Amino acid sequence: MTTTLLHLAVDLVVGVILAYGIYARRHHRGDLACAYLALNVGVCVSVAVLLSVSTASALGLGLFGVLSIIRLRSDSISQQEVAYYFVALVLGLVNGLPSADWRIVAVFNVLLLGVMYVADHPSRTRGPQRRTVVLDTVYPDEQTMLMELRARLGGTVVRHSVSEVDYVREVTVVDVRFRPDPAAVVHGAPAGNR
């Protein structure tokens with residue numbers, strides 16, 4: 001029991017670091033930070049409780065049930081946010097095993113947090129950015145549309161793909177990859193990333 005509570009305390013610490021120390025500080029979305037922490041702690045507690053059952057099939061069935069309720073489709077989230085969900089889930093699994101060697105658990109915790117810290121660091125986002133842009137007209141030619149995208153995004157369009165043209169509502173939806181002009185960058189990092 002003491003070992004399980006210790007594992008839960010460690011998981012709570014690494015979950016808070018992932019959700020609020022890394023994700024929320026960079027992306028300013030408290031709703032997803034809360035979801036990451038809840039997922040992390042929920043998986044950790046579920047694994048610890050299921051491991052107290054003597055039947056291995058109960059563990060597998062229970063874990064399958066826990067993981068099947070997680071829905072990533074309810075809101076539009078980026079691949080980056082899916083990565084945070086995955087790491088929160090893995091941290092919960094690793095820390096929920098009270099019989100695991102503490103050294104291995106500590107190494108995995110540090111490794112996973114370190115990977116997310118480096119992979120999602122603001123200095124890595126200086127490449128092309130992605131936006132889905134809804135233009136309030138249907139453009140007769142691609143060059144006119146590209147000039148409008150450049151003006152709206154304040155940068156150079158690297159790649160674009162028209163995903164929808166609606167002649168009734170007179171709307172064009174475009175998936176755009178672009179490089180912001182230096183004047184659009186605030187203090188060396190794209191606006192919103194810190």
Side-chain angles (χ1 to χ4, degrees), residues 1-130 185-194:
M1 182 65 171
T2 305
T3 305
T4 303
L5 291 176
L6 195 55
H7 275 263
L8 181 59
V10 169
D11 182 65
L12 188 59
V13 169
V14 296
V16 167
I17 291 171
L18 177 72
Y20 292 98
I22 299 174
Y23 178 78
R25 289 179 60 146
R26 292 181 178 168
H27 300 280
H28 309 289
R29 284 197 63 183
D31 58 334
L32 280 179
C34 178
Y36 297 144
L37 183 61
L39 172 69
N40 172 262
V41 174
V43 168
C44 182
V45 168
S46 299
V47 168
V49 169
L50 290 171
L51 282 174
S52 67
V53 176
S54 59
T55 310
S57 61
L59 171 65
L61 186 61
L63 194 55
F64 175 76
V66 167
L67 297 178
S68 68
I69 65 169
I70 299 168
R71 291 184 57 216
L72 299 178
R73 299 170 289 156
S74 60
D75 192 11
S76 178
I77 62 173
S78 69
Q79 294 301 314
Q80 191 175 37
E81 291 161 340
V82 171
Y84 276 98
Y85 268 114
F86 182 73
V87 170
L89 186 128
V90 172
L91 284 169
L93 287 171
V94 167
N95 288 300
L97 300 170
S99 60
D101 184 353
W102 269 103
R103 292 168 293 199
I104 294 173
V105 171
V107 166
F108 285 153
N109 284 336
V110 170
L111 178 68
L112 288 167
L113 290 175
V115 164
M116 290 310 293
Y117 180 82
V118 171
D120 188 37
H121 197 273
S123 66
R124 297 185 50 80
T125 60
R126 291 194 179 129
Q129 296 181 15
R130 179 179 180 216
V185 176
V186 179
H187 301 297
N193 288 336
R194 290 188 173 86

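Hydrogens, waters and symmetry mates are skipped; everything else that's a heavy atom, side chains included, is used. Keep in mind it's a predicted model, so treat the numbers as computed, not measured.
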Ignoring hydrogens, what is the shortest heavy-atom contact between [X] and [Y]? Give both atom names and the distance.
| X | Y | answer |
| --- | --- | --- |
| L112 | V90 | CD1-CG1, 3.7 Å |
| A33 | A24 | CB-CB, 3.9 Å |
| H27 | Q80 | CE1-OE1, 3.4 Å |

When V94, L12, V10, L8 are each screened for side chain to side chain contact (heavy atoms under 4.5 Å, CB included) with C44, the one that passes is L8

Under 3.5 Å: donor-acceptor pair, side chain of R26, backbone of Y117
yes

Give a yes or no answer on whether the side chain of H7 reaches the backbone of G96 with a donor-acceptor pair at less than 3.5 Å.
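Checked: no pair found.
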
Which is it for L89 and N40 under the side chain to side chain contact (heavy atoms under 4.5 Å, CB included) test, yes or no, and what are the steps along the way?
CA-CA 5 Å; L89 186 128; N40 172 262; over 6 Å; no

Please test L18 against Y84 for side chain to side chain contact (heavy atoms under 4.5 Å, CB included), starting from the C-alpha separation and ending with a verdict.
CA-CA 8 Å; L18 177 72; Y84 276 98; 3.7 Å; yes

Please indicate whether Y20 has more than 12 foreign heavy atoms, meaning atoms of other residues, nucleotides or ligands, lying under 6.0 Å from its OH.
yes

Tell me whether the rings of Y85 and Y36 are parallel (<30°), tilted (30 to 60°) or perpendicular (>60°).
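Ring orientation of Y85 relative to Y36: perpendicular.
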
At what distance, to the nearest 0.5 angstrom, does CG of L91 lie from CG of L113?
5.5 Å

State, without any angle test, whether D120 and Y23 hold a side-chain donor-acceptor pair at a distance under 3.5 Å.
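No, no side-chain donor-acceptor pair sits under 3.5 Å.
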
